[in-house]
Protein chains: 2
Amino acid sequence: MATGRNHRPATRSRGIPEATVARLPLYLRALTALSERSVPTVSSEELAGAAGVNSAKLRKDFSYLGSYGTRGVGYDVEYLVYQISRELGLTQDWPVVIVGIGNLGAALANYGGFASRGFRVAALIDADPKMTGKQVAGIGVRHVDELESIVHTNGVSIGVITTPAGAAQQVCDRLVGAGVTSILNFSPTVLSVPEGVDVRKVDLSIELQILAFHEQRKAADELSRGLRGPERPAPAAGGTGGGAGGARRGEGPGPDGDIPAVMPA
Amino acid sequence: MATGRNHRPATRSRGIPEATVARLPLYLRALTALSERSVPTVSSEELAGAAGVNSAKLRKDFSYLGSYGTRGVGYDVEYLVYQISRELGLTQDWPVVIVGIGNLGAALANYGGFASRGFRVAALIDADPKMTGKQVAGIGVRHVDELESIVHTNGVSIGVITTPAGAAQQVCDRLVGAGVTSILNFSPTVLSVPEGVDVRKVDLSIELQILAFHEQRKAADELSRGLRGPERPAPAAGGTGGGAGGARRGEGPGPDGDIPAVMPA
DNA sequence: ATGCCTTTGTGAACGCGTGCACAAAGATGG
DNA sequence: CCATCTTTGTGCACGCGTTCACAAAGGCAT
């Protein structure tokens, strides 16, 4: 990467758009549920409903994978489950390591969603010597000194970081140095990685803040149209707890445009 | 606009793009770090670097909030912290409830990132009577029967769902019925909510599957080009990056997904 | 076999988000 | 007070993603 910037529009992946890739697991989940109920075929309309997306979008998504449907009938559930699993790489076993066995790391270790789709927790790693050897989710915690050897021995290419923010970049560097090329980052930090390494981040604080933004906007909307929550008792300390008694669908052009509801702190 | 009197010349209180809103917490975090180091001002270039985004994008994002910068100098850190906090609604206190106190729910309850930004865990709720009264993160667990009264009493407008998939929709309905208008969903389910209710989902399984897709693609790329790697130092010895040990499981597509992908059961 | 009906697959238009490039604005030094 | 330098704010173009709308394709009944 010493060479200049070579833009790599991740969309090149095989012609499959990134947005489509992000939806494939959603489809797979819905299809798996249908498969368990022994439903043989499903239409794009039905499946889209189950996955919570538009049917045209679903059809276009599938079109990137190939023509797996039958016109006039729909899609064969089992076949589609297999094709999507294969496309996502779930027909093979992915060993992952979790670094940082605090509350969150332990919760992830116990998380059933890992093993259910071809992901196997190869090791739990923590920097605290007092954690070493402890059993979490039936797996012994290893010390971070062994990180490199663990990654090598197990052929780990996916790492999950659940350390405090201060340690995240350092752990990330070690993981990458050991050969990990995909990282799921739960710490509230912006990780910098060399090219070729994928990082996805999950930050609940950010998610909450986004919700708060919309919540505030909703409260401001209702306030500005002179609507007081008639059924809701007094909100919590701090003010407009969130009105929203009976959310009406009165969707108009909106009285936006005027004062942005400045909240005195 | 030229006059520095009234901020907000453009009436864009509602025109803030969703993508921008999603980045505001990122900027806020970087700015908070600068503030703690008593840095008075920061340029778009520096701040963009700290937040991991393009500087032009950052400037455009800020332009939606108003003209808070000074040309030739940069942005006043403290002022920007305040403005973004206000825009995100973080100057007020947001009581939240967490429903489903399993491993993940307990981890979230302990997560410091909540309280640090105006979010306060008003209550922990679980359906298991054996959990009722237990202390988690210093908060007593309440039974789900009390859900509505808890929401009413505390003026809760944001709910976090960490239940198993099977219970998620039901819990969601009750939360919405009680007045909650924003939901953060950790269960692997597509929630259906009435209009006016915001739902954001966090699904670890999906994130891993997306990583697996790219990982598989990387492995395929390297394989097909005969290991003609870029200018990147050679990764792990054994794995060659995407190698991943590749222990294929012998079972068919059947066992996939009979586990609800959530931990507490 | 034929015509009808259902559903897929996709061409095309549209909107949003991103990044470039530059003029305007303000600080700074002489 | 003027020249210069720095940095913001934004017009513009481009590409991705979404949605509409419809022709093609296949099943099914007669």
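Numbers restart at 1 for each chain; the letters A, B, ... are given by sequence-line order, proteins then strands.
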Nearest whole Å is fine: how far is [N] [atom2] from [X] [atom1]?
| X | N | atom1 | atom2 | result |
| --- | --- | --- | --- | --- |
| Glu45(A) | dG9(C) | CD | P | 14 Å |
| Asp76(A) | dG26(D) | CG | P | 16 Å |
| Tyr64(A) | dG17(D) | OH | C1' | 8 Å |
| Lys57(A) | dT18(D) | NZ | P | 4 Å |
| Leu47(A) | dG9(C) | CG | P | 12 Å |
| Leu65(B) | dT10(D) | CG | P | 12 Å |
| Glu18(A) | dC16(C) | CD | P | 22 Å |
| Asp61(B) | dT10(D) | CG | P | 13 Å |

Ignoring hydrogens and angles, does a donor from either the side chain of Arg71(B) or the base of dT8(D) sit under 3.5 Å from an acceptor on the other?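 Side chain to base: pair present.
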Would Tyr68(A) and Phe62(A) count as a ring pair (Phe, Tyr, Trp, His ring centres under 6.0 Å) if you check the C-alpha gap in whole Å, the side-chain angles of each, and the deciding distance to 0.1 Å? CA-CA 8 Å; Tyr68(A) 294 147; Phe62(A) 286 175; 8.2 Å; no
Contact under 4.0 Å: [X] side-chain N or O vs [N] OP1/OP2:
| X | N | answer |
| --- | --- | --- |
| Ser44(B) | dT8(D) | yes |
| Lys60(B) | dT10(D) | no |
| Asn54(B) | dC20(C) | yes |

Is there a donor-acceptor contact under 3.5 Å from the side chain of [X] to the main chain of [Y]?
| X | Y | answer |
| --- | --- | --- |
| Glu45(A) | Ser55(A) | no |
| Thr32(A) | Leu28(A) | yes |
| Arg117(A) | Ser205(B) | no |

Can you work out whether Gly72(B) or Val73(A) has the more 5'-proximal nearest nucleotide on DNA chain D?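 Its nearest nucleotide being more 5', the pick is Gly72(B).
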Which nucleotide wins on minimum distance to the side chain of Ser63(B), given the candidates dT10(D), dG17(C), dG26(C)? dT10(D)
Between dT8(D), dG19(C), dT18(D), which one does the side chain of Arg59(B) approach most closely?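 Between dT8(D), dG19(C), dT18(D), the one nearest the side chain of Arg59(B) would be dT8(D).
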